[in-house]
Amino acid sequence: MRLFRRVIPHPILTLLLTLTWVLLASSWTLNSLVFGFLLGLVIPFLTQPYWPEQARMKKPHKIAAYILIVLWDIVMANITVARIVLFKPNSRRQPRWVTVPLDLKTPEAITALAGTITMTPGTVSADLSAEGHALLVHCLDAEDPEAVRDEIKQRYERRLMEIFE
Amino acid sequence: MSLFLIAALPFLGAVFPALLIRAGRNASASAAGLTTFLAFTGLMLHIPAVFNGEVVQARFDWLPGLGLNANFFLDGLGFLFATLILGIGLLIILYARFYLSREDPMGQFYTYLLLFQGAMVGIVLSDNILLLLVFWELTSLSSFLLIGYWKHLPEGRQGARMALAVTGSGGLAMIAGMLILGHIVGSYDLSVILQNKDLIQASPLYLPALILILLGCFTKSAQFPFHFWLPHAMAAPTPVSAYLHSATMVKAGLFLMARLWPVLAGTPEWFYIVATTGLITMLLGAVIALFKDDLKALLAFSTVSHLGLITMLLGFGTKIAAVAAVFHIINHATFKAALFMSAGIVDHEAHTRDIKRLGGLRHLMPVTFTIVLVASLSMAGIPPFNGFLSKEMMLEETVHTLWGGSHYLVPGLALIAALFSAAYSFRFIVHVFLGPKRSDYPAQPHDPGPGMWLGPAFLITLVILIGLFSAKLAGPMVAVAAGAVTGGNDLPYYSLKLWHGLTPALYMSIAAVLGGALLLKLHRPLQAAWEAAPRPEAKAIFDRLMHGLTKLAQLITDGLHNGAITRYAFVMMLFIIGISYYAYQGGTLAAATREVQNVGPIPLIAWFCLVIATGAVVAKHRQRQLSLVLIGVVGLVVSMGFNYLSAPDLALTQLSVEVVTMVLLLLALNFMPKESPIKAPNWVRARDGAIAVIGGLGASALIYALMLRDFAMPSISEYHLANSYKGGGGTNVVNVILVDFRGYDTFGEIIVLGIAALVIFALTEAVLGTRVRAYLLNRKPDMPQAGDAHPMMMVVATRVMMPLALMVAAYIFFRGHNLPGGGFIAGLIAAIALLMQYMASGFTWASERQRVFYHGIIGSGVLIAAATGLGAWFNDMPFLTSDYGYLYWPPLEKFEWATAALFDLGVFLAVVGAVLLALESLARFAWQPGMSTEHAMDINPARDDAPQQNSDEV
Amino acid sequence: MITEYLIAGFLIMAGIFGFVGSFGLIKLNDPMSRLHAPTKATTLGVGGVLLASMVHGIAVEGHLSLHEVMITLFLFLTAPVTALFIAKVHLHRHETLKSLPPAGEDGIWATHDVEPEGEEEKQSSA
Amino acid sequence: MNHFLIAPVVLPALVAPFIIMVVRHHLDLTRIFSLACSVVLVAVSLVQAAQAADGSVQVYELGAWPAPFGIVLVLDRLSALMVLLTSVLALVVNLYVVGSGWDKRGANFHALFQFQLMGIQGAFLTGDAFNLFVFFEVLLIASYGLMIHAGGTRRFQAGVQYVVYNLLGSTLFLFALGTLYSVTGTLNMADLAVRVAELPAEDTALLRVGAVMLLLVFAIKAAVIPLHFWLPASYANAPLPIAALFAIMTKVGAYAILRMYTLVFGPDLAITAGLSGAWLLPAALVTLGIGAIGILGSYRIGRLVAFGAITSMGTLLTAIALFTPEGTSAALYYLLHSTLATAFLFLVVDLVSERQGIEIVAKKPMPQSGLIASLFFAGAIAMAGMPPLSGFLGKLLVLDAARESSHAWWIWTVVLLGSLVSILGLARAGSLLFWKSHAMAAEGSDDASQGGEQRSQEDLAEDAARNRAALPFVACFALLAGLVLLTAFAGPATKYAAATAEQLYDPQIYIDAVLGGASK
Amino acid sequence: MITYAALFAFVCFALAVLMNLWKILSAEEIADRILALDSMFINALALMVLYGLALGTEIFFEAALIIAMLGFVSTVAYARFILRGNIIE
Amino acid sequence: MELLVASAVGVLTAAGIYLILRRQTFPVILGLSLLTYGVNIFLFATGRLAVNAPPILNKYEEIAYTDPLPQALVLTAIVISFGMTAVVVMIALAAYLSSRDDRIDMPDHPEDEGENA
Ligand code: NA
Ligand code: NA
């Protein structure tokens, strides 16, 4: 195992990069895999100094579920937002700021949460608090900011917590 | 002795004093004297030949392509002048050794003097008019140095520049004249030219050539109206005046007139120009000389007058006049050099040359007095001295000369001149040496040591001897010299003797002497009248002219080159457009051969975006950040356009270059004003707008016309398409062109990038090495700053992206040979991936993590590219010859490899290094002490748990 | 046939959301709200096109092209960063501590967390 | 395959990155490598000149791609001459720079210097029009770096102008190349010549535009009026030894004009008739005049020499614009002379400015005043075209070559008057700098500190050390020796020039060599 | 059918680009201009992929990939410029 | 299509020229950028325009390719002009920082006229 660690210090990244190569090359050949793998070994070595305190995921397998949920939310929210943008007069729309207190600690997790919020239409992560314990979210049209905050915490933060911390 | 050696010896002699500067005054004087003596001896060895009427020659083809040959010949005329130059030169060298003071740099003096001597010898020995020109100009230069020898005297500096200006311009005119002369004859060799009188005088170019050559002669010989420089040259040390300005250099013009006399003289043009100029000069010089109180000025104007005399004689165009001219040249050289040296002695001893402050010196300086007495009487034309003889001949000739139908004009004026000449000669004797001894000399005068008076004493001996035994002593010399001047041995009868009977000339001589005495008697009232009379002061005019010229030059130069690049660029645009239009309308344009292609709506919209954004950049260019945003639109449209029009490689390059450029511009803009406040006046903007529109229309029309026409011949790119795969091993033809067909261009291109980075680095060092650094360190942001310099999301996102981006870079790199991509784009992507780290986590944090120096990356990139190119040499193939093939390692499939990829790797590295070095250098400007942080992101709650080491949070 | 419908559906969806995104940019009347609009274009707008393209690649041209996945991945990584920065520009220029909701225990939002003038001096002189 | 041919390009291209990678922080090593490279370059270019002397045209096909499809290097008499001149000049300037310590005053000097050489040599050797552009850019960008070497406000300001103006030139170059490619379908210069000659006579307008734009590009480089405006400020504000090296840069423009307008758009070509002669000659004459006036009207020594450079370009281009073998032959001789003379005077003027500042005003006498004055005098003689140095011969050659021209009178008048004005200007400057300073010394006035930069004690100590250095004088004397040799061996030199001109006006040899005789 | 759908998408994205342009020119806030430019990049990306789809070629993909990957860098740079003045600190 | 490209070249060139004639360094740099776009498109268009005919060789079928050579030239030109832009920006910045003035004109008035005659 130690040998494995020494040769492949970033197994997930290496795997991801190998996959990336294959995706990019659109070729599922042995050559491609080998080559992608080699690059997957070299590149993390090169970039390692720039990502010193790399977070270790606790339950990486839960990522897939999370992604699916988010994708689904994106589709649904898009439709809502499209309706707001196209048909709802500005005067009846209720833009709101929402403060989301954070339980997440690791930068990667917080970033994932903020990204998720932004990518789901209707909400945008606008800022972190000075010490990183709260997230400022803007809602395009929210009658009940509390509900938005709770949904974020329930639906996304909890899951990210599982994955990362 | 070879003529080459005679001509070269003075120049060799010039070297020694320069080298012997430290060896002392005697050493340099001896060296100068010795070489001159050697040359003189060498010259004398040719006496038998010359007096036999032979012409001694030495020939060397120096610049045959031009007809400039180092050909020398020695005939009577040359011999006469060379003898004067070297002989008097020896005397001057001796004289100067004692004349110059201890403070004067002796070596320098002799160097200049011998340079001059060499140039003069060169002139008189040249058998090639271009060679003669070389020496001619050299005399101007060396005399410039000699006149300005006393650098601390403003008169010296100004006199030197005046002499150079006048004689220099004459010399330049003469160049043209000589070239024309050579053109008429078809050769620049004097011996050839002198055989072609009829050809020359029949040529329509005769007159221009004559005028131009005479300009040279007149300026050099101080003929009216160019005479004014000579008196000002008297600021030179007296040996110089004696040598250059009486005996030799001023005679160069006379020499040349004499030299070319056989082919130029004898025409009415010659007569009227030369004789008239001479006559006026003679008269004017004599008159002015009488009223000069400075001894040297008196002598200078007297020299002007005598030069005029000789010029006039040459101008008469008759052989007998030429004989007289030659004779007077000899005589004048002897008595005038003696007089100059004497004046120098007076100056040296009494510390003044002002006649008004002198008088009664005959008791104090008997030797000098004797010398001056004899020489002055000779100059006045008193028998039995030599001056009398030649002046008599001159007067005789004037009597026979008809000017514009008048018998009396020339002799009349000549008589007046002779009268004044006698008067100033007497004045030198009477006002300086006669009269009562004075008590107020600036220094107590007495005769100097023999070193100073031996020379002039020798000369007055000649004056007397030639006067008494003219036929014996001077006769042969005059005969051969005059024979050379008149171009043959058939000289008319003349006799050199004191008594010719009661001729008109004798009466005129008597009248001149008596009148001269009378004038001297009347000197005081005359001087008063002279000084009261308004007359143009040549120096003032010249100074004004030069000053005006300099001012004008400064005005023109500053006016044209005022540092306004806006105007330079405007002129450039105007010129380019004008000339291009001129070229266009001079040709014909055939009908278009291609159809216009249809346009879909999307390209139309893209075009619309481009045009609007471009217009907006122009309209809003004063808001700088907005302009950058708008440029971003332009860049996007251009990239999309490339992509749409089948140029994916270009699109990729443009896109990535765009990003880097934008970062760069923003980095720079941070330090610069955010607005451009200066607003040009409306008319300027209208003018600029007009030229811009015309330029734009021109470019449009040109490319439109080109696009609608087919190549007359197939493009070479057909070969590239056909051979890209076969010969280059790649299917992306653009890439194969870049790394293979035209890899050399790419090699140059990466070097351009590398250099750019080096320049930027060097510049950063230079700027940060100055007080600018202090300014930057204390600089306050000019806009309010937000908190959170390194936002967490940015940091995390870029961390995730970096390996992915590098992967993409690798992908783009490896596929480049076959599909869009390649080393350059890959390099940019990699660079941007790193750049993101800089932007996200800050300069200090990121550069601490940079383990390889960018200089090294650039260098290795260039070296790898070069080494790949050089690798071909081992196969004895040219630089950058590529190779490709396949590798097969089971169980893998075969790998394709190409050396071009290695070359591309060089490109990749150079790009990465260059981009990052440039950006890093720029970022260094912004570095301030408070900025360093050990953390990549300002906010990180994960640090809450970690033990607090250093709360450096901003 | 189904794939054709699928592709067409994706394309139409993409068109609608792409349009809505940029339309919102014009229509919405407050700057923060306008920031929401382009997220649509990035997600379902481009996403639709990419999906269509991917399906088209598989169905019509018969090979699996996964570039689209990479593009999506990058968009999802970068778009939130873009949005965050633009939001911060807005906060910086138009919002104050008062106009925003409280920032919880930290008291202030990061964008407004600027050290006072004097402190900087101290640091640089230290 | 004569790999020697590319050595003048590859050698500096290898040495420069080596310097920045390996010995960047060791000044002595950097100098050794840089100087060694310069010496080897001289040797290489001597061999090349010898090879080209027999009149053969050697071709080096890069990447083994046949012309016109790949890029070729071509060595004929002209390019060999230019390469040799560049190498010699570079060696001398390098010696001077090392000796005077100029290279220490900023970063990356020697790397940029070598890259600059690479660019210049590449431009002289290439046989491809676009590649010429690339090497123009290489030499330009290196020159930007060298121009602002050691920094300073005025230098930066002048640098901006220099770069901007040249970027406009580069843009025009691309317009020209695009047009030519679009019309002819080729970039190889020999191939261009063949294709242009065969172009249908009824479709000439576009080619003419391309041709003339190209000429204008080169005219910018050659500082032809009214495209010369970049030069005075750039040269005068550059470090003066660099300005000395730049003496060759204007010649690149002259070279390119000569090359393209004898090979591709030759004087007999009907299509482009009247394009080059019509305005180039008058423009060259005006250039000469403005340059001469500038010499007289300059307040600073660097600027004075810069205008001297413009004057000499005017003379040179006058000779080139005759487009006759005699004119070209004269031009080539004058080119050799004026490059050395301009560089020489720039170096001398640097000696002066290092000691007493840049203004042309009388100050206290400087150290080594006598020696420097002599050098200045020699430089002025060379610059003004006075005997005994080669300038006079060059001027005579130019005037002689102009005899048959219908503009002979104009040419003679301007050249001679230009000389006069130059002489006046140089005499004025010399008299102020070297003679009047003695008067100042005598009067004991003290204004030496005026005009120059304020200097600390250390600087002064360094100055003193620098003043004792012999190497700068060696460099000056080397250039002077070059001028003397050029004078003494004017016969052989003009013979080579005449042979070069003859080769240029018989472009078929060049074309056959490049295209393998296939064009016949 | 795909053709029509593609045409529809083309029209939508083309209009979107025009609206972006309008916003870039007319916005009062620099933040809006940056946002509009960013949207324009995204819409251009979509247009390119659409073209690739319509023409059945893959050569448009790389440009799309580059935009997706690098487009945000200039947007961030613009924004950072306003926020901090210095974009690398 | 040709007209669009040609007019784009013209517009970019005209805008570039206009901005280059401004009096401060920054607009001049903007002008150079626009001019660079203009000339790059010009050079590109000398290979004539073609849609969907990139010069990527297809091993399987005979198809039309656009002229690859101008593309290669433009690529080189883009890279070079990038380097040039970087340098000119830096020198302009250095000039500005040294003099705190970003006017591009450089008035050159002598402090001392010296001896004239
Ligand atoms: Na490529
Ligand atoms: Na650019």
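Fair warning: this is a prediction, and the values are worked out from it, not measured in the lab.
Contact tally against chain F (heavy-atom pairs below 4.5 Å) for Val752(B), Val611(B), Val634(B), Leu721(B): the top residue is Leu721(B). Ranked by non-hydrogen atom pairs under 4.5 Å with chain F, the options Leu922(B), Asn818(B), Leu545(B), Ile716(B) are led by Leu922(B).
With a 4.5 Å cut-off on non-hydrogen atoms, Tyr644(B) touches chain F through its backbone and its side chain both. Heavy-atom distances place both the backbone and the side chain of Arg685(B) under 4.5 Å from chain F.
Nearest heavy-atom pair across Met672(B) and Tyr96(F) is CA-CE2, 3.8 Å. The two residues Val9(F) and Ser700(B) have their closest heavy-atom pair at C-OG, 4.5 Å. Listed here is the closest heavy atom pair of Trp607(B) and Ser7(F): NE1-OG, 2.8 Å. Smallest separation of non-hydrogen atoms from Met1(F) and Val596(B): N-CG1, 4.2 Å. Across every non-hydrogen atom of Ala647(B) and Phe44(F), the tightest pair is CB-CE1, 3.4 Å. Listed here is the closest heavy atom pair of Leu30(F) and Ile631(B): CD2-CD1, 4.0 Å.
Under the 3.5 Å distance criterion, the side-chain polar atoms of Ser646(B) are matched with a main-chain donor or acceptor of Ala50(F). Remark: side-chain polar atoms of Glu749(B) are not paired, donor with acceptor, to backbone N or O of Val79(F) under 3.5 angstrom. Side-chain atoms of Asp105(F) come within 3.5 Å of backbone atoms of Thr566(B) as a donor-acceptor pair (strictly under, hydrogens ignored). Counting only distance, with no hydrogens or angles, the side chain of Gln597(B) and the backbone of Glu2(F) share no donor-acceptor pair below 3.5 Å.
Within the 4.5 Å cutoff, side-chain heavy atoms of Ser715(B) are placed close to those of Asp67(F). Side-chain contact between Arg742(B) and Thr76(F): absent, with no pair of heavy atoms (C-beta onward) separated by less than 4.5 Å. Leu628(B) has its side chain within reach of Phe26(F): a pair of non-hydrogen atoms, C-beta onward, lies under 4.5 Å apart.
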Let me see the working for Phe925(B) and Leu93(F) under side-chain contact (heavy atoms from CB on, under 4.5 Å), right down to the final yes or no. CA-CA 10 Å; Phe925(B) 280 109; Leu93(F) 178 60; 4.1 Å; yes
side-chain contact (heavy atoms from CB on, under 4.5 Å) between Tyr37(F) and Leu610(B), worked out: CA-CA 11 Å; Tyr37(F) 288 129; Leu610(B) 180 103; over 6 Å; no
